[in-house]
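Structure, as structure tokens:
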Amino acid sequence: MTQYLLRLFVSGQSPTTRRTIATLERICEQEFAGQYTIEVIDVAEHPELAEQERILATPTLIKQLPRPVRRVIGHLADAEQVLMGLDLLHLDEPMDRHDDGAVPRSEQAL
Amino acid sequence: MEKLSTGVAGLDHITDGGLPTGRTTLVAGSAGCGKTVLAVQFLVSGIEHYGQPGVFVTFEETPDDIRANVAAFGWRIEEYERDGLLTFVDASPEPSGAETVIGHFDFSGLLARVGHAVSKTAAVRLSIDSLGSIFDRYDSGASARRELARIVTRVKQMGVTSLITAERLEEHGGVARFGVEEFVADNVIVLRNTLAAERRRRTIEILKMRGAGHRKGEFPFTLIGGDVDASDTGFVVIPLSAMMLDHDSTTVRISSGNDELDLMCGGGFYRDSVVLVSGATGTGKTLMATKFVANGADQAHRCLMFAFEESHSQLVRNASSWGIDLRSYEDSGQLRIISRYPEADSLEDHLVAIKAQIDVFGPDRIAIDSLSALDRVSTERGFREFAIALTSFLKERKIASLLTTTTPSLLGGDSVTDAHVSTTTDSIILLRYVEVEGQMRRAITVLKMRGSQHDRSIREFLIDDTGLRIGDPFQRFTGIISGHVGPLRDSAGD
């Protein structure tokens, strides 16, 4: 069950891009194991998706779910800052309570 | 070098044909000087006149704002978008603004979108408005310069002719705010919006045009709404060097409306000449202008009269006191009178309005009474530019023109206007008051008559209910024109 849907817009396959993807996977594995999906989109290959989401900078990480949508720009150096930017920092302990509230709401939104 | 028309006739003129094809041109200017209008007009002109599609990248205003703002110029933006001729890339700030910056980034996302829009639209022209503002949103500090250079370099590789606007923080000093814009672009145009002698003055200057010729110096420009009955809308540049001295000249003469004056001029004015009538207030300038258009209308010439000193009804009333019925000429469509208050507009707007009237009405003769009334609304420099631009336009159109100017002093003297206009006019007629033997009398002389013999004497004239009656020369006096009249010393007595 995907509870966390994250889309990462990158440009090309540079070492920095690979490192950004790896950082994001590590954060997700650590915090939301088994509950997340990451979509990586290369703007050079899919400019129409970049247009749709009005992407200017790369990398841009969009947290589609749970709502509200949040964006983080830049190479994701610091895990704590990334979570804060996505509004996900304090979800650890009260996870169960949030589950009940957040999931149906996101499904409605979809 | 091949160039693309900008859609602004005056700008095409000073750039010797427009923007160099396949290159980037930076247009730098402070807020509110008309950058966005020029950026849109560049695309609209390509679509309307050359079938060249365009892409507009907007960083500040939303596409909706731009559609609404340029609607006043009569450009059918939405229609072009529907037909796939124009595509917006919306890079305006997200209303939510919920973005956090963590670590380094670049603008590849933007470049991918621009490249996509360019290929999808098959764009020939690209406008970016305004480049620097993206760096305000992302506090990227030192990397702004590097990114800016990268964006411009990538745009060059897209094979389009691009116009990129940039914000200037002040009217003087650096070309644009990041200090690198002018080095990465091939060409640089600066727009200025300054306050001189309490008048707003907008000018455009081509600072650099790599490998291509252009005119030097600042040229005035203005913005004209599409509701005005004009051939020019939007961004209108007034080129001073439009004056080409290769006009063919004619030997056909027309009447000034006064038989004696025609004789003094050697048989009348040339049909394509610009005549300046200079005189103090009350010397009969308006009368001469009125006679000139009435005579034209009598001969089925189309005549246009601009009055900047009197209202329409005053003009009609004065004319009727000299036995001229202006209303009947207007009713028959031979004459159009436009009376405007000089202060109602800026000088640039007056010039554009005069040109528009000429384009629409297509006159054979024009009278402007008086040109000097317009020097109240401008600086001396602005007025000189106006006078040159106007007279060169009249000559280009080969319209018989009579311009009046008012001298500030009653006796003798000349006006600022005379100095600026006299070299570009073909003929000059002076009307002067003369104080002779305790009486104010009037004198007329033809100072210059290009390409023709003329009477060089200074004659006395009267104004009665038929108009201007020219009499005998003042033979016994000197110093009439300078205003210091004295008896002519008899050479035989010396």
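For clarity, every value in this text was computed on a predicted model and none was experimentally measured. To find a chain, count down the sequence lines: A is the first, B the second, and so on, and within it residues start at 1.
For NZ of B:K156, the number of neighbouring non-hydrogen atoms (other residues, nucleotides, ligands) closer than 6.0 Å is greater than 12. Applying the 6.0 Å contact sphere to CD of B:E79 captures more than 12 heavy atoms from other residues, nucleotides or ligands. Environment of CZ in A:R19: sparse, with no more than 12 heavy atoms of neighbouring residues, nucleotides or ligands closer than 6.0 Å.
The parts of A:E48 that come within reach of chain B are both its backbone and its side chain, each placing non-hydrogen atoms under 4.5 angstrom from that chain.
Distance check: A:T20 OG1 to B:H104 NE2 gives 11.5 Å after rounding to the nearest 0.5 Å. The line from CG of B:L110 to CZ of A:R54 is 11.5 Å long, rounded to the nearest 0.5 Å.
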B:R113 vs A:L56, side chain to side chain contact (heavy atoms under 4.5 Å, CB included): CA-CA, chis, key distance, verdict = CA-CA 8 Å; B:R113 290 170 63 191; A:L56 296 179; 3.5 Å; yes
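Among the candidates A:A44, A:A50, A:S11, A:P68, the residue making the largest number of heavy-atom pairs closer than 4.5 Å to chain B is A:A50. Heavy-atom pairs under 4.5 Å with chain A peak, among B:A112, B:S108, B:S92, at B:S108.
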